[in-house]
Amino acid sequence: MPDQLGDLARTHTCGALRASDVGADVVLLGWVHRVRDLGGVTFLDIRDRGGITQLVVRENDALMGVAKRLRSEFVVAARGIVQRRSEETVNSKLETGEVEVLVRELRLLNEAKTPPFQLAEDASVSEDVRLRYRYLDLRRPRLQHNIGLRHRTTMEIRKYFDASGFWEIETPILTKSTPEGARDYLVPSRVHPGEFYALPQSPQLFKQILMIGGADRYFQIAKCFRDEDLRADRQPEFTQVDVEVSFARAETIFQLIEPLMQRVFKLIGREVALPMRRLAYAEALSRYGSDKPDLRCGLEIQDFSEVFRESEFRVFRQIVAEGGAVRGIVLPKGNAYSRGQLDALVDQARQMGFAGLVWARPGEPPSSSVKAIGEASLRAAFARGSASRDDLLLLAAGGAEGVSKLLGQLRLHLAKKDGLLDPDRFEFLWVTDFPLLEYHAEDGRWYSMHHPFTSPHPDDWDKLETDPGAVRAVAYDLVLNGSEVGGGSIRIHDAALQARVFRRLGISEEEAKARFGFFLEALEYGTPPHGGIALGLDRMVAILAGESSIREVMAFPKTANAIDLMAGAPSGVDPRQLRELHLKTQN
RNA sequence: GGGGUCGUAGUUCAGCUGGUUAGAACGCCGCCCUGUCACGGCGGAGGCCGCGGGUUCGAGUCCCGUCGACCCCGCCA
C-alpha cells in the first residue's frame, strides 16, 4: 500500500534549493533518480521537472526502513531541513549541489517497475523502445528540454501575435474533404450514412473565410493532418502556426514574420539579422538546385554551357546543342579528394540519378577519363568557374532543371561530408515568385504548386491561358538551413479570377461548386484582399533544439509507418462501431 | 510502391573464414559498507541470437522469405 500525500505540499522543486535556503524546512516531491546506500547513511537523488536534489537519510532513523525499500523511479515525498554541504562534498555538477536535505519524513507515494531502459543515464536507447515507453522517455533531460522549449516557443508566438492585434481563432477539426493535394484522413458520419468528414490538411479555407468575416488578423496554433508517407521532418499530424491578414501584401507578411523569428530565436540566445535574404524561385533553382537552399555553405551551381557549345567533347556539345545545359560545382580544396573518394563520389552521383559526373582537377594534367574533354575546354571551364589549383571541378550535363536539381543534391551531400553545414548557424531565406502551376504529364493537366487559392502575379494574368507555366504566383516560402519552415501566399480575393484559375486547372464549375462551393459563395460577399502564411512549428522547434527529427520535439510522435507504438494506434474496432458508422471492411 | 542501414540478455553492443558451454558494460536481485554523488566490495539470476523456411555433419554467422525500427526516393495542393 503506497503512502498518501496527506498534508505534504511541495515547497520547492528539486532544482530550486540554494545555499540561501539553509535551515529551511522544505517538502520535495519527485522520482527517485538514484540511490546510494552506504550502509549507515543513504543518499537519495530525487528528481522532478525542475532538477535533482540530494536527500540524506541516516542510521537509527526510523526512516531508514523506508529508504532501504526505494528503487529507481519510485515516487516519493520528503520533508526535511536544508543543510549546507561540507566543502569537500559540494557537487558542482548539480544546480542544487551546495546543499542537501536531511530527511525528517519520507513517504513512498508509489512504487515503479524496473524501467526498460535507464533514465538516470543519458544512455542511447533504440527509438522503438523509447516510443513504446514514451512516458519514461519524457522524464529524461532531452525531451524535458525539448518539450519545455516548445512550450516557450508557442508562448512567445502567442504573445507576439496578441501584441500585434491578432485574434487566435479555432477552426473545425471535422471538416469537408477537398481531395486536391494530400490524402485526407476521413471520419465516417454516424448520422449521415455513407458520408464523411475529413480532418484538415490545413485550415486554409476557414482562415480565408475568417478574413471575409472581418477577423482582420487571425492566427492559430493548428493541428493539421495529411495521410502521406512519413519522413524525419514529416508526421501524419503536425502543428502549423497558421496566420492570415486582411489587406496584406507579400511585404506585409515578411515584415510580420521576420521579427517573430527574431523573438523566437532569442529563446536560444541567437540574434537574427534582418531583413532576411530573398531569392526568386528560378534563381534558387539555378544557383542551388533547390527551392529550399541551405545557405550555410557556398558551393553554388554554375553554368558551363557556353564553354562546351563549341567544345571538342561531343557528349557535352551535343547536349548543349539540343537545348540542355552543362552545369557544375567548384569544390574548394577538393583537390585533396583521393582517387578512391572520387570514384565513390561518382558512384554516389549515379545512385542519385546522374547519367554521369565528370571531375577534373585544375592542379594537375587531365586524367585519362577527362582527356576527351580537351585541354582547351577544361582550361576554359576552370576559368569560368574561377577554380584554383586546390579545387575540384564537378560537371554534369542534361536538361537544365534536372541537372540543377541533381547538382543541388550533390551539393548537400558534399557539404555534409565536408562538414560545411555549421549546426550553430542559422541562415534564413525567403524564396519568392514560385510558379503558380506545374504540369503533370501523367494526366496531362496543370496543378497548383501551392494551392488553387494562390494569387497569380498581376503582371502574369494574361499568360494564364497562353503560357501557364510562366505564370508566377505571389507565393513565398520561409527557408531555414535548407528546411522549409513556412509557406504562404497572397490569395485570390476576386471571384472572377478564382473561376479563371479553376478553369485553368481543368476544374469544371460544377466540380468547383461541389468541392468549394461554400467558399466560392463567400468570396462574392465583399472579400478583402488578404494573404498569409503557415509556419511548421515542429520543424521550427526541432531546429531551435538542434534536433534532426521532429519526433524529438513532439510528445507523442508516430513511427515511420504511422504507428503509435505506445497507444497501439491504429487498431481494429468493435464490429458494432463499424455497423453504427455504416462501414464494412474488405476481407 | 522502390532503395538502403539495422535487429544477439531489461538496455547498449561484441561475437573473426560456419565449429565445444553465445560474451562485455550498464541495469536487476542478495549480502556488506557512515559522506556518497556514474559510490564501492563480494556473490547471483538473466538469451526462441526478431520470426519462418532452406543450404550444411553442424547456422547467431551463409541463402530465401517475412515482420519491425530508422534514413532516402516516389508521395507531401
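In what follows, chains carry the letters A, B, and so on, assigned in the order in which the sequence lines appear, proteins first and then strands, with residues in each chain numbered from 1. Since this is a predicted model, take the numbers as computed values, not measurements.
- Across all strands shown, A:Ser86 has no heavy atoms under 4.0 Å from either base or sugar-phosphate atoms.
- In terms of phosphate contacts, A:Asn91 brings no side-chain nitrogen or oxygen within less than 4.0 Å of OP1 or OP2 of B:U36.
- The residue A:Glu73 sits apart from the nucleic acid: no heavy atom pair falls under 4.0 Å.
- Open room surrounds OH on A:Tyr197; 12 or fewer heavy atoms of other groups in view lie less than 6.0 Å from it.
- Listed nucleotides: B:A69, B:G74, B:U34. Nearest to the side chain of A:Thr559: B:A69.
- Of the nucleotides present, B:G68 is the one that pairs with B:C6 by Watson-Crick or G-U wobble criteria, both distances under 3.5 Å.
- For A:Val129, counting side-chain heavy atoms from C-beta on, the closest listed nucleotide (B:C72, B:C33, B:U11) is B:U11.
- Residue contacts shown for A:Phe43 include a base, since a base heavy atom lies under 4.0 Å away.
- Between B:C29 and B:G23, the distance separating the two P atoms is 24 Å to the nearest Å.
- For B:C37, its base sits under 3.5 Å from the side chain of A:Arg85 at one donor and acceptor pair at least.
- Within 4.0 Å of A:Arg231, counting heavy atoms only, lies at least one base atom of the nucleic acid.
- Between the base of B:C76 and the side chain of A:Arg234 there is a donor-acceptor pair shorter than 3.5 Å.
- On the P atoms, B:G47 is 35 Å away from B:G4, given to the nearest whole Å.
- Judged purely by atom type and a 3.5 angstrom limit, A:Ser489 has no side-chain atom pairing as donor or acceptor with the backbone of A:Ala475.
- Here the side chain of A:Asp229 is nearest to one of B:C39, B:A69, B:G74, namely B:G74.
- Here, B:U11 and B:U21 have their C1' atoms 25 Å apart, quoted to the whole Å.
- Distance from the side chain of A:Phe117 is smallest for B:U11 among the nucleotides B:U11, B:U34, B:C70.
- A:Arg71 has a side-chain polar atom (N or O) that falls below the 4.0 Å cut-off from OP1 or OP2 of B:C29.
- Going from the P atom of B:C6 to that of B:G15 covers 12 Å, rounded to whole Å.
- Residue A:Asp45 places its side chain closer to B:C37 than to any other of B:U34, B:C37, B:G1.
- Defined by atom type and a distance below 3.5 Å, a donor-acceptor pair is missing between the side-chain atoms of A:Gln235 and A:Asp538.
- Residue contacts shown for A:Pro452 include a base, since a base heavy atom lies under 4.0 Å away.
- Between the C1' atoms of B:G18 and B:C57, the separation comes to 12 Å (whole Å).
- No N or O donor and acceptor, one from the side chain of A:Arg132 and one from the base of B:G68, sit under 3.5 Å apart.
- Residue contacts shown for A:Glu127 are limited to sugar-phosphate atoms, with no base heavy atom under 4.0 Å away.
- Checked by atom type, the side-chain pair A:Asp242/A:Tyr218 shows a donor-acceptor distance below 3.5 Å.
- Among the protein residues, A:Asn561 comes within range of the sugar-phosphate backbone only, with heavy atoms under 4.0 Å from sugar or phosphate atoms but none that close to a base.
- Note that A:Arg445 lies in the cation-pi zone of A:Tyr447, set by a 6.0 Å cut-off to the ring centre and a 45° limit from the axis.
- Across all strands, A:Arg130 comes closer than 4.0 Å to no nucleic acid atom at all (heavy-atom distances).
- Using the Watson-Crick or G-U wobble rule with both distances under 3.5 Å, B:G60 pairs with nothing in any strand shown.
- Taking only side-chain nitrogens and oxygens, A:Ser126 comes nearer than 4.0 Å to OP1 or OP2 of B:U12.
- Contact between the side-chain N/O atoms of A:Lys93 and the OP1/OP2 oxygens of B:A38 is found at a separation under 4.0 Å.
- Looking at A:Arg36, its side chain has no donor and acceptor atom pair within 3.5 Å of the base of B:C33.
- Distances were taken from every side-chain heavy atom of A:Gln118 (C-beta onward) to each of B:C76, B:G27, B:C33; the shortest belongs to B:G27.
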